[in-house]
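These values consider heavy atoms only, across backbone and side chains, with no hydrogens, waters or symmetry-generated copies. So you know, we letter chains A, B, ... as the sequences are listed, proteins then strands, and number each from 1.
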Amino acid sequence: MPELPEVETIKRGLKKAIVGKKIADFDSDWHKAINKPLRQYQRILMGTKILNVDRRAKMLVLTLLNDWRILVHLKMTGQLVFRDKKKCLIGGHSIETNCENLPNKFTHAIFTFADDSHLYFNDVRKFGWVRLYSANELAKVFEKMQLGPEPLTSEFTSGCLTEIMRQRPKARVKQFIMDPKNLVGVGNIYSDEVCFFARVRPDRRVGTLKDKEIKLIHKGIIKILKAAIMAQGTTFSNYVNTDGEAGAFTKQLKVYQRHGKKCYSCKGRIIKMKIGGRTSSFCPKCQK
DNA sequence: TTCAATGTTTAGAC
DNA sequence: GGTCTAAACATTGA
């Protein structure tokens, strides 16, 4: 389930695994997963090296020696798997939790490195993509996305959040924090958790929030994202020739997908509600 | 058979 | 322009 903590976890794992590696081949079986003809991908990628792996919002950015950039978005059901002779790293959606059968029918892009290790991009629903851009193109692409601040940087202060909130007073809290134009990285899981942390109903209008509540939302976003990164996300598994281990944050979820169950805090029932087309779970007693 | 699922964009209505 | 909803992408699984 790639939200910011999952993508950050993948970034860290991948950084150790592929930086410095030389690309020997690239393949894709789904034209919509890539943004240029396959031949062009191969021409540009073959022989170059991975210089760095970064994250922007929920995207991964691979910087290449020849100054091209690869942008990867896993969307809802994407997964990245790195495999060499000794180890296997899986990040993102839990499609495959073992590395035996790769590529599989969900594999839509494959990077082959010169040492014969591989990076597989798998996606059940085919919403995700792997794009290739020059440094200039990438800058323009980012500009067009109009992304809000990264919540885990010093730029994201509670004053900064208050400022952005002022521009959308009618928006509902959950939708507001999930919109990447306001701030990036928070999706359906963590937005429910942040609302619970701040004791605010997800359908509250941003304009009705008190200063105290805004501060709690700000604190909650940072605290929950950090905790989820510590736990390696909600579905990450990372293992070396042994059993896979699910992302540990699942155990810390307070409300997400817990509708019908008892609130850990007041023992009342968690209810659910559709907000902006997405299911939101919250405790009507604890959250006002 | 129907519904919901981790993300994001876009079209149309008011 | 703001804000709402539904739909689009494509597939699985309950």
Side-chain angles (χ1 to χ4, degrees), chain A residues 1-10 28-35 55-60 71-80 90-97 104-109 121-131 141-148 164-194 202-208 224-225 228-229 231-237 246-250 252-253 255-260 271-281:
Chain A
M1 300 182 189
E3 291 187 34
L4 185 148
E6 288 75 29
V7 180
E8 179 67 21
T9 303
I10 296 167
S28 172
D29 71 334
W30 173 245
H31 70 102
K32 285 186 178 173
I34 56 181
N35 65 329
R55 178 186 60 74
R56 175 71 177 112
K58 296 172 188 167
M59 296 169 280
L60 286 168
L71 195 62
V72 180
H73 202 311
L74 301 173
K75 292 290 180 91
M76 305 244 265
T77 56
Q79 177 189 56
L80 281 170
I90 301 182
H93 190 268
S94 52
I95 311 166
E96 274 283 335
T97 48
N104 59 35
K105 65 174 172 170
F106 304 120
T107 303
H108 302 301
F121 169 81
N122 305 329
D123 193 348
V124 173
R125 285 167 75 177
K126 292 181 175 172
F127 289 0
W129 38 253
V130 174
R131 292 182 183 161
V141 166
F142 276 155
E143 206 176 303
K144 213 176 159 197
M145 288 178 182
Q146 302 174 60
L147 298 173
I164 302 166
M165 281 181 163
R166 255 203 283 272
Q167 295 160 21
R168 293 190 166 70
K170 294 267 180 69
R172 286 176 288 190
V173 173
K174 181 186 175 70
Q175 282 180 291
F176 176 88
I177 57 180
M178 282 178 68
D179 187 341
K181 289 186 170 64
N182 298 324
L183 62 119
V184 303
V186 183
N188 205 23
I189 300 176
Y190 301 117
S191 59
D192 273 5
E193 296 299 310
V194 168
D203 60 341
R204 273 274 292 283
R205 304 278 173 180
V206 163
T208 70
I224 288 163
L225 290 179
I229 291 171
Q232 304 209 59
T234 305
T235 53
F236 195 77
S237 94
F249 198 74
T250 315
Q252 297 179 47
L253 296 175
V255 284
Y256 176 70
Q257 289 264 310
R258 290 196 66 248
H259 45 83
I271 60 168
K272 71 169 171 175
M273 175 184 221
K274 279 262 183 198
I275 301 174
R278 306 300 294 276
T279 301
S280 178
S281 299

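The distance from atom CG of Asn182(A) to atom P of dT9(B) is 12 Å, rounded to the nearest whole Å. Rounded to whole Å, atom P of dA5(B) lies 13 Å from atom NE2 of His93(A). For Met273(A) and dA4(B), the CE to P distance is 15 Å, given to the nearest whole Å. The CG-C1' distance, from Asp192(A) to dA5(B), rounds to 13 Å in whole Å. Distance Arg278(A) CZ to dT9(B) C1': 13 Å, rounded to the nearest Å. Nucleotide dA4(B) holds its P atom 20 Å from the CZ atom of Arg258(A), rounded to whole Å. Here the P atom of nucleotide dC3(B) and the NE2 atom of His259(A) are 16 Å apart, to the nearest Å. One interatomic measurement links the two molecules: CD of Gln79(A) to C1' of dA5(B), which rounds to 16 Å at whole-angstrom precision.
Residues in residues 165-179 of chain A take part in these salt bridge (charged side-chain N to carboxylate O under 4.0 Å, His left out) pairs, two or more places apart or across chains: Glu163(A)-Arg166(A), Lys174(A)-Asp192(A).
With C1' as the reference atom, dC3(B) and dA7(C) are 16 Å apart, rounded to whole Å. Taking the P atoms as reference points, dT10(B) lies 16 Å from dA10(C), given to the whole Å. Straight-line distance between the C1' atoms of dC4(C) and dA5(B): roughly 22 Å, to the nearest whole Å. For the P atom pair drawn from dG1(C) and dT8(B), the interatomic distance equals 24 Å after rounding to whole Å.
When Leu4(A), Ile177(A), Ile224(A) are each tested for a side chain to side chain contact (heavy atoms under 4.5 Å, CB included) with Tyr190(A), only one passes: Ile224(A).
Contact annotation: His73(A) side-chain N/O to dG7(B) OP1/OP2 distance is not under 4.0 Å. Contact annotation: Lys58(A) side-chain N/O to dG7(B) OP1/OP2 distance is under 4.0 Å.
Across all their heavy atoms, Val130(A) and Ala109(A) have their closest contact at CG2-CB, 4.2 Å. Across all their heavy atoms, Leu225(A) and Gly185(A) have their closest contact at CD2-O, 4.4 Å.
At the heavy-atom level, Gln257(A) lies under 4.0 Å from the strands shown only through sugar-phosphate atoms. Across all strands shown, Lys274(A) has heavy atoms under 4.0 Å from sugar-phosphate atoms exclusively, and none from any base.
Counted within 6.0 Å of CD on Glu143(A), heavy atoms from surrounding residues, nucleotides or ligands total 12 or fewer; the atom is thus considered open.
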Just by protein heavy atoms under 4.0 Å, how would nucleotides 9-14 of chain C read 5' to 3' in B, S and -?
BBBS--

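Closest to the side chain of Arg168(A), out of dG7(B), dT3(C), dC4(C), is dT3(C). Distances from the side chain of Lys181(A) to the nucleotides dT9(B), dG7(B), dT5(C) place dT9(B) closest.
Nucleotide dA10(C): unpaired (no Watson-Crick or G-U wobble partner with both distances less than 3.5 Å).
No hydrogens or angles considered: nothing links the side chains of His108(A) and Asn122(A) as a donor-acceptor pair under 3.5 Å.
For Glu193(A) (side chain) and Tyr256(A) (main-chain N/O), a donor-acceptor pair under 3.5 Å exists by modelled atom type.
Taking CZ of Arg278(A) as the start and CD1 of Ile189(A) as the end, the distance is 9.5 Å to the nearest 0.5 Å.
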